[in-house]
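Beneath this line is the structure, given in structure tokens, with notes to follow.
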Amino acid sequence: MFTKDRLVGTDPFHNEAIRLATLADLDALVSLEESCFAVPWSRKSFEVELDGNSFSQMLVIPGPKEQPEIPLLAYICVWVIFEEIRFLNLAVHPHFRGNGLAKQLILEALCIGSAQGCCRGMLEVRDSNQMAKKLYEFFKFKEYGRRSSYYTNPSEDAILMILEPISGEISDKNDLGEIQVECK
């Protein structure tokens with residue numbers, strides 16, 4: 001099990017540590033969330049994930065030191081539940097999209113899940129979010145179902161995706177475009 005102050009990886013673009021979020025990141029997480037989503041998670045939702053849910057793991061990539069007004073570049077929230085890792089949310093600051101940060105966070109989360117015995121990854125994504133679907137397909141997630149009118153603002157179906165098995169896909173070095181990453 002990872003402690004809240006353990007560094008779990010490195011963002012290759014900024015040489016910043018990917019680390020587990022703490023309650024000290026709460027304001028930055030809420031700000032990042034609000035800059036990314038029409039229906040953002042509430043402050044209370046983040047508090048519960050950070051301090052009240054033993055299944056929750058939230059990873060963050062800190063912002064550049066020379067831009068203190070951007071304390072976080074990205075975060076991912078997952079639940080590690082027995083043999084499954086469930087992807088709840090992923091956000092990348094709008095000014096830093098397209099730099100591979102989401103891939104780094106997904107890979108780190110999959111490595112954590114794999115190390116804790118997870119054999120499958122599960123998620124849902126807006127039907128219209130083609131970029132996100134391509135990102136998950138990059139990791140070999142496959143569509144297996146749909147939830148009608150699951151999302152609001154606007155109303156939209158959720159596409160259910162699964163990655164199984166996890167360990168076979170990420171046990172060796174992974175080629176993330178120009179990024180070489182190895183699960184620890």
Side-chain angles (χ1 to χ4, degrees), residues 1-25 28-29 32-33 36 41 46 49-51 53-63 71-93 96-125 129 131-144 159-184:
M1 187 63 96
F2 293 90
T3 61
K4 291 293 183 187
D5 60 351
R6 180 169 173 183
L7 301 178
V8 294
T10 303
D11 160 29
F13 300 101
H14 306 91
N15 292 321
E16 296 288 346
I18 296 173
R19 61 175 173 77
L20 291 171
T22 69
L23 284 172
D25 297 308
L29 285 164
L32 176 59
E33 178 81 0
C36 293
W41 279 9
F46 280 105
E49 295 304 323
L50 291 169
D51 199 37
N53 181 347
S54 62
F55 298 112
S56 183
Q57 306 263 334
M58 195 173 299
L59 304 173
V60 296
I61 298 176
L72 294 177
L73 298 180
Y75 85 90
I76 191 168
C77 182
V78 298
W79 289 355
V80 177
I81 305 174
F82 306 109
E83 73 280 358
E84 289 183 6
I85 181 166
R86 295 185 184 181
F87 290 77
L88 299 182
N89 214 357
L90 170 65
V92 176
H93 191 285
F96 293 89
R97 291 181 181 156
N99 292 319
L101 301 176
K103 285 182 180 176
Q104 279 299 121
L105 288 172
I106 291 169
L107 181 62
E108 289 293 341
L110 289 171
C111 288
I112 288 172
S114 181
Q116 295 184 22
C118 293
C119 62
R120 80 179 67 85
M122 311 281 288
L123 62 87
E124 57 213 16
V125 61
N129 193 341
M131 285 183 62
K133 288 197 291 192
K134 284 186 179 182
L135 175 65
Y136 296 125
E137 289 168 356
F138 175 85
F139 286 96
K140 312 294 185 205
F141 279 86
K142 305 224 180 300
E143 183 177 336
Y144 74 94
I159 302 301
L160 306 176
M161 301 183 83
I162 185 169
L163 170 67
E164 188 170 27
I166 290 176
S167 59
E169 300 293 335
I170 61 168
S171 61
D172 297 319
K173 279 195 171 184
N174 292 278
D175 180 7
L176 300 180
E178 299 172 1
I179 307 166
Q180 295 292 319
V181 179
E182 184 175 350
C183 287
K184 298 162 188 80

Is [Y] close to [X] at the side-chain level, that is, under 4.5 Å between some pair of heavy atoms?
| X | Y | answer |
| --- | --- | --- |
| Glu137 | Met161 | yes |
| Val60 | Ile18 | no |
| Leu50 | Asp25 | no |
| Asn99 | Leu73 | no |
| Ile106 | Phe87 | yes |
| Leu90 | Leu135 | yes |
| Lys103 | Leu101 | no |
| Met122 | Tyr144 | yes |

Original post:
Ring centroid separation for Phe46 and Tyr75, is it under 6.0 angstrom?
Top reply: yes
**OP:** Assess the side chains of Asn89 and Glu33: does a donor N or O sit below 3.5 Å from an acceptor N or O?
**Re:**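 Yes, side-chain donor-acceptor contact under 3.5 Å.
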Got a second to check how far [X]'s [atom1] is from [Y]'s [atom2], nearest 0.5 Å?
| X | Y | atom1 | atom2 | answer |
| --- | --- | --- | --- | --- |
| Leu29 | Cys77 | CG | SG | 9.5 Å |
| Leu123 | Tyr136 | CG | OH | 5.5 Å |
| Ile76 | Met58 | CD1 | CE | 10.5 Å |
| Glu84 | Glu164 | CD | CD | 8.5 Å |

Quick one: closest heavy-atom pair of [X] and [Y], and the distance?
| X | Y | result |
| --- | --- | --- |
| Leu32 | Ala91 | CD2-O, 4.1 Å |
| Ala109 | Ile85 | O-CD1, 3.1 Å |
| Glu49 | Leu88 | OE1-CD1, 4.1 Å |
| Pro62 | Leu72 | CA-CD2, 4.1 Å |

**OP:** Report yes or no: does Arg120 contribute a side-chain atom to a donor-acceptor pair with the main-chain N or O of Glu83 at less than 3.5 Å?
**Re:**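 No, the answer is negative, given that no donor and acceptor are paired below the 3.5 Å cut-off.
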**OP:** Check the pair Val78, Ile112 against side-chain contact (heavy atoms from CB on, under 4.5 Å), reporting the backbone distance first and the verdict last.
**Re:** CA-CA 10 Å; Val78 298; Ile112 288 172; 6.0 Å; no
